[in-house]
Each structure stands twice: as C-alpha cells, then as structure tokens.
There are 2 protein chains.
Amino acid sequence: MVINIKLKSTSAERVASSLSGRGFKTTRQRDSIVRIFAAAGQHLSAEELYELVKKAEPGIGYATVYRTLRLLSESGLAHESRFEDGFTRYELSDSGSHHDHIICTGCGQIIEFENHEIEKIQQAIARKHHFLVTNHKHEIYGLCSSCQRKPQKE
Amino acid sequence: MVINIKLKSTSAERVASSLSGRGFKTTRQRDSIVRIFAAAGQHLSAEELYELVKKAEPGIGYATVYRTLRLLSESGLAHESRFEDGFTRYELSDSGSHHDHIICTGCGQIIEFENHEIEKIQQAIARKHHFLVTNHKHEIYGLCSSCQRKPQKE
DNA sequence: ACAGTAATTGAAAATGGTTATCAATATCAA
DNA sequence: TTGATATTGATAACCATTTTCAATTACTGT
C-alpha cells in the first residue's frame, strides 16, 4: 500500500501551473529553466541561470533564459533587482512577501531581511509627500563577518 | 563703498578647488561641467548633463562628461545612483549627509528623504547578521499626488 | 615667457548586459 | 492530424558607458 499525501506543491510545480493557467505554452525549455531556478536557490543572474540550465538542456539559447526570466517577472512569479554590481538578479517570489537585501561587497553573498517597522516609517514618509507607494527597494551594502577579516581587493 | 562679504563658496567653487587640491588639472571643460551641474539641480543623468553642457561648451565630448562625472564620484564630490529607469543619475554631494529617494514612476520626479530611525534599525539588522555596513540604498517607488490623478501609460 | 612632461580632450570604436529579429520548430485546440 | 499561433535558437541590434589613441592643453621648473 502506498500512502502518498502531497503536502504542498514544489515551487517549480506552482510556477509551471501558474504559467499554463495564464495561457502560456508549456515547453521543455521553460520547464527546465523553472525547475533549475527553483532548485538553485535565490538571486541568480540570467547568465548564472543560463550556465546551470545548459547542463540539463545543452542546446538552450541565451535569449530563452532572458525571455523566461522576463516572463516570470512580468507574471509576478519572480522578482528582479538590479544590484550595484551591474547586473540584474532574479529570485522566485514566494507568496508575495516582500523582502530586502544585505549584500556583502567582499564575497557577493546576499542575505534577505524584512522589517515591518521600516515599512511603516516608509509609508509615513511617503504620505508626508503625498505619494502612493507601489514598490520599494532597500539594500544594505557592507562586509560579512568573514570578509571583515580578509584583506580587500584593490 | 562696496561691501562684499563672501559668506560661503558656491558648490561649483567648492568642487573646483577640491579637485585642483587633489592634483587634478583645471580645464575649461571640467569647469563648465561642474558649474552647470551645480546650477542645474540634482539627479542628472550623464546624457542630461551632456545636453546642458553642450550649450555652453559646444565642442564637448560625451566621454568628457562621463569622465568628469566618474572623477567627481570617485573623489566623493558627487554621488551616483542607479535607478530602475535604467541609467545612472548623479548629484553633487553636500557635506557628506546621506539621503535616500522617493521616485515617482509617473513623471520621474525625485524627492529626497532622510530618516534617522530607519538608519538605526538598519544598523541593528546588519549587526544581527554580523555585517559591517559601508553603504546603503533605499528607494521608494510610487506615484506623486498629481500623477495619482492622471491615467497611467500603458 | 618657454619648454618639457604628463594629463586631458574629442572622436570613434569597443564593451557588455540585455532585447529584437526571423526563419524553423513545437505546442495546443479543434 | 492539422492548422493557427507561440516559442525557440542564432545572431544582429541596442544602448549606456568605457576605452583607445593621437592631438591638444595645463602645469612645473627654469
């Protein structure tokens, strides 16, 4: 007897079904991209994702990765942020909760944070200037504990 | 009788003297760029500044504007920020005080803000992750009051 | 004032991340 | 299965920014 209780769908499944639900076609390439993206963890650049996907899908084109990333982004399934290092990084958005980033300028490590207090102050500031907030971006740059102990690149 | 008390130097003078003090040469082009930058107000992109400078200095090259902007930036006399609209904007830094931005996605208007409370929380968050903060960036995107009343571009 | 030296300039080409083009191919609905 | 339409991969185009390089200019010491 097999008991198979599906507690919750994986990110990849959730994204895939969300895409097909929106009228987009399911393709082998998109499946690979989404699955690998979900498995790889957060904050990938298009190039990093391309390199990973190429292992599973050797013929994949650069443009397809970019297109899929934009598709996910426009569908609200992924979120893109431009960091100071010059290129755009993406992360699958889990359940709409917004978070911000602490970035180590030594090793590139990215940590997420979320702070309700800051959001509240932010709203108050916007209100003072009669702004309707649609979005925000808060990045803290610094050195992680291990990079504080290493010499910095010149 | 002429009473001419110089209360404080202009931004342009301050920047120019700071540059020559650092061993950089004073050139007509740099003077124009800095003077026009100081007079034009804040948050200019390289292209916008180039267009302005061209009126006073018709032969000016694109590269010179970029180079000067980078020079100012590296000397700490200007600050550059990459907004979501794709290109980098600069502002002359007045007295080292850091501030953040509220950007209207309708009309591009940029308002500055500064909030000590947020900075404190930020430090606490960084400390919790054992980070040494060197920098931060906080941008609030939204619609200014007048853009809230206009239809949005499709 | 003048020459020597090193920095700066303008024009144009190069760079690098990202997007558009287009013919071939794959997906989906009927 | 077939036809309409979306997607793909390769490549060219984009576009902000940077580099290159020869000509010019600013500063230093005389």
Side-chain angles (χ1 to χ4, degrees), chain A residues 15-37 43-75 78-90 108, chain B residues 15-37 43-75 78-90 108:
Chain A
V15 171
S17 76
S18 173
L19 279 183
S20 75
R22 288 162 195 263
F24 294 110
K25 292 185 176 170
T26 301
T27 66
R28 187 169 33 79
Q29 292 91 331
R30 291 225 258 246
D31 281 349
S32 291
I33 292 171
V34 169
R35 185 167 35 76
I36 289 167
F37 190 9
H43 308 301
L44 291 174
S45 67
E47 160 123 36
E48 287 164 349
L49 184 52
Y50 170 71
E51 289 300 333
L52 289 175
V53 172
K54 214 164 48 172
K55 292 173 187 166
E57 207 71 51
I60 193 95
Y62 235 100
T64 302
V65 176
Y66 273 100
R67 278 188 289 238
T68 304
L69 246 13
R70 189 164 37 144
L71 178 65
L72 294 176
S73 190
E74 285 173 355
S75 308
H79 183 256
E80 69 173 62
S81 12
R82 244 170 243 236
F83 295 110
E84 306 268 298
D85 72 356
F87 39 134
T88 308
R89 292 172 179 283
Y90 299 81
Chain B
V15 171
S17 77
S18 173
L19 279 184
S20 75
R22 288 161 194 264
F24 294 110
K25 292 186 177 170
T26 300
T27 66
R28 186 167 35 79
Q29 294 90 330
R30 292 224 258 245
D31 280 349
S32 292
I33 293 171
V34 169
R35 185 167 35 76
I36 289 166
F37 190 10
H43 306 302
L44 291 174
S45 67
E47 160 123 37
E48 288 164 347
L49 184 52
Y50 171 70
E51 290 301 332
L52 289 175
V53 172
K54 214 165 46 172
K55 292 173 188 165
E57 207 69 52
I60 193 98
Y62 235 100
T64 302
V65 175
Y66 273 99
R67 278 188 288 237
T68 305
L69 245 14
R70 189 165 36 145
L71 179 63
L72 294 176
S73 190
E74 286 172 355
S75 308
H79 184 257
E80 71 174 59
S81 9
R82 245 171 245 234
F83 294 110
E84 305 268 298
D85 73 355
F87 37 134
T88 306
R89 292 172 180 285
Y90 298 81

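Reminder, nothing fancy here: chain letters follow the sequence lines and each chain counts from 1.
Using a 4.5 Å heavy-atom cutoff, the side chains of A:Glu48 and A:His43 are not in contact. Side-chain contact between A:Ser32 and A:Arg35 is present, with at least one heavy-atom pair separated by less than 4.5 Å. When side chains are defined from C-beta on, B:Ile60 counts as touching B:Ile33, because their heavy atoms get closer than 4.5 Å. Within the 4.5 Å cutoff, side-chain heavy atoms of A:Glu47 are placed close to those of A:Tyr62. In this structure, the side chains of B:Thr68 and B:Phe37 stay at 4.5 Å or more apart for every pair of heavy atoms. For the pair A:Leu44/A:Leu52, a side-chain contact is recorded, criterion being any heavy-atom separation below 4.5 Å from C-beta on. At a threshold of 4.5 Å between non-hydrogen side-chain atoms, the residues A:Tyr50 and A:Lys54 count as touching.
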Intermediate values then yes/no, side-chain contact (heavy atoms from CB on, under 4.5 Å), A:Leu72 and A:Tyr90: CA-CA 10 Å; A:Leu72 294 176; A:Tyr90 299 81; over 6 Å; no
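Atoms CZ (A:Phe87) and P (C:dG16) sit 11 Å apart, rounded to a whole Å. Look at OH on A:Tyr62: it is 7 Å from P on C:dG17, rounded to the nearest Å. Per the geometry, CD1 belonging to B:Ile60 stands 11 Å off C1' belonging to C:dT8, to the nearest Å. At whole-Å resolution of the value, CD in B:Glu84 and P in C:dT18 are 13 Å apart. Taking atom CD of A:Glu80 as the reference point, atom C1' of C:dG17 lies 13 Å away to the nearest angstrom.
Comparing C:dT18, C:dT27, C:dA20 by their closest approach to the side chain of A:Arg70 singles out C:dA20.
A sub-4.0 Å separation between OP1 or OP2 of C:dT18 and a side-chain N or O of A:Tyr66 is present. For B:Gln29 and C:dT8, the shortest distance from a side-chain N or O to OP1 or OP2 is not below 4.0 Å. Remark: A:Thr88 is not in phosphate contact with C:dG17, judged by side-chain N or O atoms under 4.0 Å from OP1 or OP2. Phosphate contact (OP1/OP2 of C:dA26, side-chain N/O of A:Thr27, threshold under 4.0 Å): absent. Proximity of A:Thr26 to the phosphate of C:dC28: a side-chain N or O atom is located under 4.0 Å from OP1 or OP2. Neither OP1 nor OP2 of C:dT8 sits under 4.0 Å from any side-chain N or O of B:Arg67.
Under 3.5 Å, the side chain of A:Lys25 and the base of C:dA26 form no donor-acceptor pair of N or O atoms.
Applying the salt bridge (charged side-chain N to carboxylate O under 4.0 Å, His left out) test to residues at least two apart or on different chains, the pairs with a partner in residues 57-67 of chain A are A:Arg28-A:Glu57.
Of the two residues contacting DNA chain D, namely B:Ser45 and A:Ala63, the nearest-nucleotide position lying further toward the 5' end is that of A:Ala63.
Of the residues in residues 48-59 of chain A, those with a non-hydrogen atom less than 4.0 angstrom from any atom of DNA chain D are A:Gly59.
Running 5' to 3' along DNA chain D, contacts with non-hydrogen atoms of chain A at under 4.0 Å begin and end at D:dT5 to D:dA10.
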